[in-house]
Number of protein chains: 2
Amino acid sequence: MSSTEIAYEKKEHIMDIAEKLFAEYGYEAVSTRKLAADAQVNIAMISYYFGSKEDLYLAVIERRILSLRTATHIIDDKHMTHLDKLLHLVDMIIDRFFENRLFHQIMYREMGMSNRSKIFNFMMDKWLHNFNILKHIIEDGIQKKVFKKVDAGFTILTIIGTPRMYVQSDHMAQKIMNLKSLDEVYMLEMKNRLKNHLKDLITNHLSK
Amino acid sequence: MSSTEIAYEKKEHIMDIAEKLFAEYGYEAVSTRKLAADAQVNIAMISYYFGSKEDLYLAVIERRILSLRTATHIIDDKHMTHLDKLLHLVDMIIDRFFENRLFHQIMYREMGMSNRSKIFNFMMDKWLHNFNILKHIIEDGIQKKVFKKVDAGFTILTIIGTPRMYVQSDHMAQKIMNLKSLDEVYMLEMKNRLKNHLKDLITNHLSK
DNA sequence: CAAAATTAATCAATCGTTTAATTAATTAAC
DNA sequence: GTTAATTAATTAAACGATTGATTAATTTTG
């Protein structure tokens, strides 16, 4: 293993710990000392690797944003119905929420704040692009009369808001659902229940 | 006007400014100096009136919690159908979201964090109580076969998650909806659109 | 040996809070 | 009703603690 690989792993390790702490306590509430202690590195390493605490924060976010692809292969598929496309996208969205729980906690908390920096406008643009894809499918379906005349904008808020509610408010959702643990088996079960619920909901909402 | 009334108004004024700042930037990001400057009072007045920054934070939250009543008159109404009860409650929930936007921003952000203090357990209990009322109506409706067999827990997450998505993510929702301003007229229109959307959604979701 | 990585110690700035002094308002005494 | 005593409200200044960041020295690596 080369030194650059070790440095890379160390950087990633710091980012992993940072992501966890930022998601759990929020950016301001996490001190560089607490961060360094949890990651078991010297405080100076944060500046050394990332420049500053804020740059680390942005790096943590950027790492996840880059992994968010657009599902063009679904959107452009000529053989899928409007509803099938939508249900596939719902599936993808929920998978992403569960894959990147910590990131979503950070991101949506940030979106509720007053504009913090350029990266969030970038993040916003990325998401708005995805939202507009959903919106376009719904509106196109309405125009082609395969969907009921629903409020497309708020329908998207429901599609995003439901998994967000579950993922972002861990403790709360856990109690609503009467969950006892948060282990992987439960998580998978919950994810599937969520998918079924949302797909059912959307199907009934849009079908004539 | 007596001095106690002046002191009361001054306290309320500080809490108003604090609520706005906490909602906008988060608890840690708001310094007592910024707070005092915005409220145009001396920094020491925060300790003088509230004891500490955290106590002010708790006071801001407690003020709103106390105003949250339970809608027993709807729940216990013998003449209303299950669906009517639910739709009335949805109406109430959305009204509350819009009446106390700032409070809801604070509260839900807080619920995404690791437990901060006793007041949040109290807050949690209060909300869980309300959620369980909704859940009970849905489950009772299913049992009495007036509702479809839906996932009651996730249905509640949709009912709460949709208005939360709109209220908490101002900037984002604004862009999704293609809004240009956030004035009162627009707000009222949006509130009604949200109500119609959610009531429609729930009705279709639960009706056989 | 040179470059990269890591450390402990320290920096100035800001944090929440408190102090001690002053002013304003209320009550008590006459 | 005026004055004196008492309490409440307000202020500027300072407190120690913690913050993010940097330094200069040291160790590790290639």
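Just so we're on the same page: letters track the sequence lines, and every chain starts at 1.
Taking side-chain N and O atoms only, B:Asn42 has no distance below 4.0 Å to OP1 or OP2 of D:dA9. The phosphate of D:dT10 has OP1 or OP2 within less than 4.0 Å of a side-chain N or O from B:Lys10. The side chain of A:Ser52 places an N or O atom within less than 4.0 Å of a non-bridging phosphate oxygen (OP1 or OP2) of D:dA21. For B:Tyr49, a side-chain nitrogen or oxygen approaches OP1 or OP2 of D:dT10 to under 4.0 Å.
In terms of heavy-atom proximity, B:Val41 sits nearest to B:Lys10 at CG1-CE, 3.7 Å.
To the nearest angstrom, P of D:dT10 lies 13 Å from CD1 of B:Ile46. For the pair B:Leu58 CG and C:dG16 C1', the interatomic distance rounds to 15 Å; values are reported in whole Å. One atom, CE of B:Met45, and another, P of C:dT19, lie 16 Å apart when rounded to the nearest Å.
Considering A:Ile133, A:Leu134, A:Asn130 as possible partners of A:Ile156, the one that fulfils the side chain to side chain contact (heavy atoms under 4.5 Å, CB included) test is A:Leu134.
A side-chain donor from one of B:His205 and B:Thr155 sits under 3.5 Å from a side-chain acceptor of the other.
B:Ile43 comes within 4.0 angstrom of a nucleotide base, judged by non-hydrogen atoms across all strands. At a threshold of 4.0 angstrom between heavy atoms, the contacts of A:Ser31 are confined to the sugar-phosphate backbone, with no base atom among them.
A cation-pi arrangement is present between A:Arg101 and A:Phe98 under the rule of less than 6.0 angstrom and at most 45 degrees off the ring axis.
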